[in-house]
Number of protein chains: 2
Amino acid sequence: MNKIKGLEKEGISKSSEGCPMASVMNVIGGKWKIIILYHLRDSILRFGELKKRIPNITQKMLTQQLRELERDGLVKRTVYPEVPPRVEYQSTYLSDELRPIIDMLCDWGEKQKEMLGR
Amino acid sequence: MNKIKGLEKEGISKSSEGCPMASVMNVIGGKWKIIILYHLRDSILRFGELKKRIPNITQKMLTQQLRELERDGLVKRTVYPEVPPRVEYQSTYLSDELRPIIDMLCDWGEKQKEMLGR
DNA sequence: CCCCTATAGTATATAAAAGTAACTAACACA
DNA sequence: TGTGTTAGTTACTTTTATATACTATAGGGG
């Protein structure tokens with residue numbers, strides 16, 4: 001179980017050649033990643049806090065997506081050797097640069113919701 | 001086969017409550033959607049042209065994602081009753097507003113690639 | 001007429017990703 | 001000895017994505 005997703009993401013390979021967008025998708029394309037990064041925009045959160053803020057995600061998915069984000073340098077994971085365990089997640093230099101983009105996406109979503117009559 | 005994905009996306013329901021990001025993800029969260037919109041940023045493209053520009057996508061996926069994008073008002077599909085058939089896809093008012101976001105994502109991807117040493 | 005090409009798809013079968021539910025480790029407290 | 005807490009695992013099922021093959025249509029060549 002040391003490989004979560006095989007070769008594909010080990011070095012952002014495969015579909016990243018040719019299309020600049022494809023490599024981006026490799027890193028933030030997971031179903032929950034942008035949502036996770038959205039919640040980590042301005043807070044350091046523990047695993048359980050993230051889980052509360054993203055009600056529909058399962059523990060397995062949250063763990064998995066966080067590990068991939070960590071591997072790709074988009075979140076920093078800090079484990080405190082306590083009992084019960086405490087693990088904190090925070091954004092990094094790389095994901096900080098995604099913040100304006102995430103904010104814009106959020107605004108776009110609001111506008112789009114209005115346009116679709118609701 | 002009249003329902004591509006069931007209820008979930010019919011009205012941007014489900015996970016859109018609570019999290020503003022979730023509704024955005026419902027619309028552009030498909031694996032290929034941002035890539036498709038990226039290629040339609042500044043060109044009107046036929047099905048086959050899109051397929052050439054996105055080599056790893058399969059016809060089925062391209063068809064499916066385009067239909068979902070059309071349904072959500074992000075692409076306009078124009079069929080010319082010719083043989084061989086000609087179908088053109090173009091961006092809409094809604095997706096035009098995504099353009100700066102897509103460009104920023106693209107830039108972020110470039111920067112990120114450099115940082116990861118290559 | 002038969003075969004070939006081209007375009008924009010469908011259909012079917014298989015692989016991969018995501019979801020579900022139950023289980024674990026470690027200690028604190030009662 | 002038994003219960004609660006947190007951050008995960010594990011095994012299993014369902015949903016998505018991919019690969020491959022196939023279809024309809026018209027024009028052109030033989």
Q) Is there a side-chain contact between Trp32(A) and Gln64(A) (heavy atoms, below 4.5 Å)? A)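 Heavy-atom side-chain distance check fails, nothing below 4.5 Å.
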Q) Going by heavy atoms in the side chains, are Leu98(B) and Leu105(A) under 4.5 Å from each other? A)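 In contact.
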Roughly how many Å is it from [atom1] in [X] to [atom2] in [N], rounded to a whole number?
X        : N       : atom1 : atom2 : result
Leu66(B) : dT10(C) : CG    : P     : 11 Å
Gln65(B) : dT18(D) : CD    : C1'   : 12 Å
Ile54(A) : dA7(D)  : CD1   : P     : 14 Å
Met25(A) : dA17(D) : CE    : C1'   : 17 Å
Met61(A) : dA16(C) : CE    : P     : 16 Å
Ile57(B) : dG9(C)  : CD1   : P     : 13 Å
Leu62(A) : dA7(D)  : CG    : P     : 10 Å
Leu50(B) : dG9(C)  : CG    : C1'   : 14 Å

Q) Given dA17(D), dT20(C), dG8(D), which nucleotide is nearest the side-chain atoms of Arg67(A)? A)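 Nearest to the side-chain atoms of Arg67(A), counting from C-beta on, is dG8(D).
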Q.
Could you work out, with salt bridge (Lys or Arg N to Asp or Glu O under 4.0 Å) as the rule, every residue matching Asp103(B), not counting sequence neighbours?
A.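 In terms of salt bridge (Lys or Arg N to Asp or Glu O under 4.0 Å), with neighbours along the sequence ignored, Asp103(B) is linked to Arg41(B).
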Q: Determine the contact category for Tyr89(B): base if any of its heavy atoms lies under 4.0 Å from a base atom, sugar-phosphate if only primed atoms, P, OP1 or OP2 are that close, otherwise nothing.
A: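 Sugar-phosphate: the residue Tyr89(B), judged by heavy atoms under 4.0 Å, touches backbone atoms but no base.
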Q) Counting any heavy atom closer than 4.0 Å, what does Lys60(B) reach on the DNA or RNA strands: base, sugar-phosphate only, or nothing? A)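 Result for Lys60(B) = base.
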For [N] and [X] - does any side-chain N or O of the residue sit under 4.0 Å from the phosphate oxygens OP1/OP2?
X        : N       : answer
Trp32(A) : dA17(C) : no
Lys31(B) : dT18(D) : yes
Gln59(A) : dT9(D)  : no

Could I get a table of every N or O pair under 3.5 Å where one atom is in the protein and the other is in nucleotides 2-7 of chain C?
{"from": "dT7(C)", "atom 1": "O3'", "to": "Arg46(B)", "atom 2": "NH2", "distance (Å)": "3.0"}
{"from": "dT7(C)", "atom 1": "O3'", "to": "Pro85(B)", "atom 2": "O", "distance (Å)": "2.8"}

Q: Considering non-hydrogen atoms only, spot the tightest contact between Met21(A) and Ile102(B) and give its length.
A: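 That closest heavy-atom pairing would be CE-O, 3.5 Å.
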Q.
For Tyr80(A), give me all partners under side-chain contact (heavy atoms from CB on, under 4.5 Å), at least two apart in sequence or on another chain.
A.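 Thr78(A), Glu82(A), Arg86(A), Glu88(A).
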Q | Check ion pair Glu68(B)-Lys33(B) (N to O, under 4.0 angstrom) | A |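 So Glu68(B) pairs with Lys33(B) through a salt bridge.
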Q: Report the residue from Leu50(A), Leu62(A), Thr63(A) that forms a side chain to side chain contact (heavy atoms under 4.5 Å, CB included) with Ile57(A).
A: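 Single pass found, and it is Leu62(A).
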